[in-house]
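Keep in mind it's a predicted model, so treat the numbers as computed, not measured.
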Amino acid sequence: FDLLEGLYKINKLELAGKKYSSQEKIAELDLLDILQYYEGTVKVRPAGERIAYYEGNNSRFYIYKIYNKSNKEWFIGISGPQPVDKSKINFDSKVTDLFFETYSDENVEMIIQAIQSSQ
């Protein structure tokens with residue numbers, strides 16, 4: 001992850017390959033970095049994105065469904081904030097985390113609202 005950030009800072013992220021040069025992929029890798037410490041994860045699936053007001057700006061947050069094999073439920077992963085402009089990447093994703101609520105649209109919206117209110 002640090003290597004990708006370094007390449008981005010010198011405007012050479014394309015050297016990492018097309019697979020790693022998008023905002024979406026960086027957001028996913030950021031979440032996967034956290035998941036490596038969590039036992040029980042089997043599947044991670046993208047579940048959309050939300051634009052929310054955070055720290056004085058509209059920001060993009062990527063939503064993930066994460067399957068927990070021990071309790072056989074899907075819970076929520078969020079990666080962000082990222083700029084609304086997908087051509088820009090933020091490597092200081094302060095909100096990227098796992099949320100152990102059962103995955104539902106209502107719970108995702110509740111978490112996004114809490115993120116906006118936490119400023």
Side-chain angles (χ1 to χ4, degrees):
F1 196 75
D2 292 336
L3 174 64
L4 294 173
E5 181 178 12
L7 289 171
Y8 180 76
K9 284 181 178 178
I10 62 169
N11 208 23
K12 297 286 184 187
L13 189 56
E14 70 278 356
L15 292 176
K18 195 168 189 163
K19 180 177 179 181
Y20 298 108
S21 60
S22 71
Q23 186 186 88
E24 293 92 338
K25 185 49 84 174
I26 296 300
E28 183 180 346
L29 289 172
D30 195 24
L31 183 71
L32 292 174
D33 190 48
I34 291 172
L35 281 171
Q36 71 180 329
Y37 303 106
Y38 176 73
E39 293 181 25
T41 301
V42 178
K43 300 175 190 170
V44 177
R45 292 193 179 146
E49 53 191 68
R50 303 286 192 290
I51 304 297
Y53 194 74
Y54 182 74
E55 293 189 341
N57 298 299
N58 281 330
S59 298
R60 185 178 309 278
F61 294 88
Y62 290 90
I63 314 300
Y64 299 89
K65 291 173 73 171
I66 301 167
Y67 188 71
N68 179 320
K69 71 178 179 181
S70 60
N71 67 6
K72 297 183 172 135
E73 288 187 352
W74 291 92
F75 63 94
I76 301 166
I78 295 183
S79 184
Q82 289 292 336
V84 173
D85 178 352
K86 286 188 174 187
S87 69
K88 297 180 180 170
I89 299 172
N90 176 21
F91 282 87
D92 184 24
S93 45
K94 302 172 187 174
V95 181
T96 300
D97 210 345
L98 308 176
F99 298 86
F100 294 99
E101 286 82 10
T102 300
Y103 187 91
S104 71
D105 290 338
E106 294 83 19
N107 283 342
V108 168
E109 291 308 319
M110 177 186 68
I111 292 167
I112 294 295
Q113 291 299 319
I115 290 168
Q116 290 184 111
S117 299
S118 69
Q119 308 175 57

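- Under the 4.5 Å side-chain heavy-atom criterion for grouping Ile, Leu, Val, Met, Phe, Trp and Tyr, I89 is not connected to V84 through any hydrophobic cluster.
- In this structure, S70 and N68 approach most closely via the heavy-atom pair OG-OD1, 2.5 Å.
- One side chain, Q23 or Y62, offers a donor N or O that lies under 3.5 Å from an acceptor on the other.
- Under the salt bridge (Lys or Arg N to Asp or Glu O under 4.0 Å) criterion, E49 pairs with R60, K86, sequence neighbours left out.
- To the nearest 0.5 Å, atoms CD1 (I66) and OH (Y38) are separated by 9.0 Å.
- In terms of hydrophobic clustering, with Ile, Leu, Val, Met, Phe, Trp and Tyr side chains grouped at heavy-atom distances under 4.5 Å, L35 and F100 are assigned to a common cluster.
- By the 4.5 Å heavy-atom criterion applied to side chains, L32 and Q36 are not counted as neighbours.
- Distance CD1/I115 to CZ/F99: 5.0 Å, rounded to 0.5 Å.
- D85 and S87 form a side-chain donor-acceptor contact under 3.5 Å, judged by distance and modelled atom types alone.
- Between the side chain of N71 and the backbone N or O of E73, at least one donor-acceptor pair lies under 3.5 Å.
- Taken from OG in S59 to CZ in R50, the straight-line distance is 15.0 Å, to the nearest 0.5 Å.
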Using the side chain to side chain contact (heavy atoms under 4.5 Å, CB included) rule, take I112 and I63 through it: C-alpha gap first, then chi angles, then the decisive distance, then the call. CA-CA 10 Å; I112 294 295; I63 314 300; 4.2 Å; yes
Please list every donor-acceptor pair under 3.5 Å in which a side-chain atom of residues 74-83 meets a protein atom from a residue at least two apart or in another chain.
residue : atom : partner : partner atom : Å
S79     : OG   : A27     : O            : 2.8
S79     : OG   : T96     : OG1          : 3.2
Q82     : OE1  : N90     : N            : 2.7
Q82     : NE2  : N90     : O            : 2.8

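- The CD atom of E106 sits 10.0 Å away from the CE atom of M110 when rounded to the nearest 0.5 Å.
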